[in-house]
Amino acid sequence: MEKSIRKYFPIFLLPTLFAFVLSFVIPFVMGLILSFCKFYLVTDAEWQGLEAYKYIFFEDRKQTFVNALIFTTKFAIVAVILINVIAFIFATLLTKKLKGTNFFRSVFFMPNLIGGIVLGYTWKLLINGILAKVVEPGVYLSSNETYGFWGLVALMCWQMVGYMMIIYIAGIQNIPEELVEAAKIDGASKWQILTNVTIPMIMSSITICLFLTISNCFKLFDQNLALTGGAPQRKTAMVALDITLTGNTTSTFLQGVAQAKGVLFFLLVGLISFIQLFVTRSKEVQS
Amino acid sequence: MMKKVLALALSLAMVLTMFAACGSKKEDEKKATAKPVVNDEEAAKNGEVRMLNFKPEQDDAFKEAAEAFTKETGIKVKVETAANNEYESTLKTKMASKDDMPSLFTINGPMGYNAWKEYCSDITELDLVKKVTDQGYLVKNGDKVFGVANCVEGYGIIYNNGIIKKYCETEGAVITSVDDIKDFETLKKVCADMDAKKAALGIDAVFASTTLEHSDDWRWKTHLNNIPLFYEFKEDGVTGTVDEIKFSKNGAFKNLFDLYLAYDIKEERDKSTDDAMVQLAKGRCVFAQNGTWAWGTISGTDGNVVKAEDCGFLPFFCGEDDANAGICAGTENFFAINAKVSEADQSATVQFLTWLYTSEKGMDLVKNKLQFIAPFNNFKAETSPNPLINQLAADSAAGKVIPWKFQVIPSEAWKDTFGANLKAYAEGSMSWDEVVESYKTEWADQMALLNK
């Protein structure tokens, strides 16, 4: 049996492998190569070495990539903390034996089902309405990068909290009751139970949630495009949007720059995810 | 063993893609001089026209034209339409697939030509090209022609004469009819006076909202921007693109833009251009800068109060050569014939274009189905249900129009920056001098990147 599996596994693997190569490996390799080229059509690319990378860091007077990176990092830090804390609080509340927990779980999960573009435009109207009432008429989300920043944070929290909450709920429900009971008998306070029992036991959920939120925050595009579009003056453009804006040109050189930004972006997201995965893995409780 | 085979296959795939990406350009080294388009009636019969259409709203009309043409000549025509705002990326994909390259595509002017230089064939000798009513409707490189406008559009300051008439009857009105507005000073006075009489006229403001969100600021960053570009180029005798801009006529731009900002519906500047047109349609304002295409939105609004006979364009009076002010006429759609498709396909494409714009059936389709104002002298001005098109046709015939120059703007990025700066200026976080400065440095930067 095992022998025949060994013998025939490539045949079963082939369709997936084919799709993977076609839709991932090839574009990826092409993208990598194109970042060293100037091009308008991918078929007539012209090699130019590291020019595009040099431009991104040294020659771009406005430093759009670096600024986008700083903005994205700030956003990611704030959003990741807020999303996870709020989601955890909700999860804790909704695992208590309260009335209507199922109803609330569904309600909190729902925003996650709405697409980013739709959410972006809806929140834009919403926030513009509030700003006009609270600050003054004629002030919009796009007037000030602080509004844009907090608008994005609010939007992301609203959208992602439900999903993370579900993961935390699953984690919390998996904690053996004896463990909590034993802790109680030993006289542990609620805080001690939380820090010494609950959190270590749901470390795998935390890993998943952090992983998802961090990579989602760094890769954010739809919401950014719809909510602020980078306004004012590209100050709220996150990395993915910055790449798109850079590539939207007839300049063959800037196409290469956008491609190079894409490669850097990939390296960055990959690196962050690996570090993060490594760090949290080592803290997980081995069961 | 299997692992090795797999690894080998994978690395082979990678290497192959590298060749695919870099290898294909050796054969045809970039030719600076494009060949004249081939026009062979015999060969055309075996050819095929593959058109990539820019405007989704005209998809049906072009398909109808294609069918009629095939019926008459037997030459196959394939019309494909790019989704809204996806034209450039669709064109890129199509051009990269060697068998399915469009033979007929559109470029947006000198900048589009710049990007697609190697794909635009020289169409100088085509009869159709010789029929254009103005040289401005051609995309040229030196003496050679590479693109020809497929329609003419126009924009100006749309007014609702119904309210203007009402204003003229008020006490102390500055003008007696809309025709009295002949320069910027008068326009300014009229606006101030109308603003003072808002309640009596039943309007919210004089102008529709100056929409400043990044998706709706093209009326200023691109269209109004034509005014300073036109006057600067006229003064300096510029005909093509420029690496550096002086923005010497920024005063003309500022005059109008300040006027809009002073008297518009301020609370709704975050709305869309269509919303601004609805404001005009509902009689909430008197003026709105926009083009011939806006009539659809205006006349289609529920509760529209703008009668066709009351709707017209005011020329751009901006304090610069007001005696010769006009509405802006031009296009961003120039047909180009692909130099890299077979001779039979090129011939077929020429036949199709000639048929569309010179045969009786074709001209009828252009006028009534595509609803284009064709820029060729075999078309007679005829009345359209769209009053703005009628005015454009009349003004063009009388030579009272300002040609579009904004196609020389270096890039979308430049427009975005200028648009964002205008917004910041309107909100008071940027001074006009800073806007002017950024206009110039940004232009030089973008052009340098284009030429890099």
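In what follows, chains carry the letters A, B, and so on, assigned in the order in which the sequence lines appear, proteins first and then strands, with residues in each chain numbered from 1.
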Looking at side-chain heavy atoms only, is the closest gap between A:Gln233 and B:Asn421 below 4.5 Å?
yes
For chain A, the option from B:Glu412, B:Lys92, B:Met95 that forms the most heavy-atom pairs under 4.5 Å:
B:Lys92
Would you please test B:Gln446 and A:Leu254 for side chain to side chain contact (heavy atoms under 4.5 Å, CB included) and show each step?
CA-CA 10 Å; B:Gln446 292 292 326; A:Leu254 280 183; 4.1 Å; yes
When you compare the side chain of B:Glu213 with that of A:Ser142, does any pair of heavy atoms fall below 4.5 Å?
yes
Can you name the closest pair of heavy atoms from B:Glu427 and A:Ser143 and give their distance?
OE2-OG, 3.0 Å
Within residues 55-69 of chain A, contacts to chain B at heavy-atom distances under 4.5 Å involve A:Tyr55, A:Glu59, A:Arg61, A:Lys62
Quick one: NZ on B:Lys94 to CG on A:Leu41, what's the gap to the nearest 0.5 Å?
13.5 Å
Counting only heavy atoms closer than 4.5 Å, note whether A:Thr228 contacts chain B via side chain, backbone, both or neither.
backbone
Bottom line for A:Asn128: the part with an atom under 4.5 Å from chain B's heavy atoms is side chain
Please find the pair of heavy atoms, one from A:Tyr140 and one from B:Arg269, that lie closest to each other, and give the distance.
OH-N, 3.2 Å
Part of B:Ala96 lying under 4.5 Å from any heavy atom of chain A:
both
Would you list the pairs meeting side chain to side chain donor-acceptor pair (under 3.5 Å) in which at least one residue belongs to residues 13-41 of chain A, sequence neighbours left out?
A:Ser35-A:Tyr53, A:Tyr40-B:Glu88
CG (B:Asp270) and CG (A:Leu141) are apart, to the nearest 0.5 Å, by 10.0 Å
Out of B:Thr417, B:Asn114, B:Asp445, which one racks up the most heavy-atom pairs below 4.5 Å with chain A?
B:Asp445
When the 4.5 angstrom heavy-atom criterion is applied to B:Asn451 and chain A, the contacting part is neither
Check whether B:Lys452 gets within reach of chain A through its side chain, its backbone, both or neither, counting any heavy atom under 4.5 Å.
both
Using heavy-atom distances under 4.5 Å, tell me whether B:Trp116 contacts chain A through its side chain, its backbone, both, or neither.
side chain
Less than 4.5 Å to any heavy atom of chain B: does that hold for the side chain of A:Leu225, its backbone, both, or neither?
backbone
Which atoms of B:Tyr119 come close to chain A, meaning under 4.5 Å heavy atom to heavy atom: side chain ones, backbone ones, both, or neither?
side chain
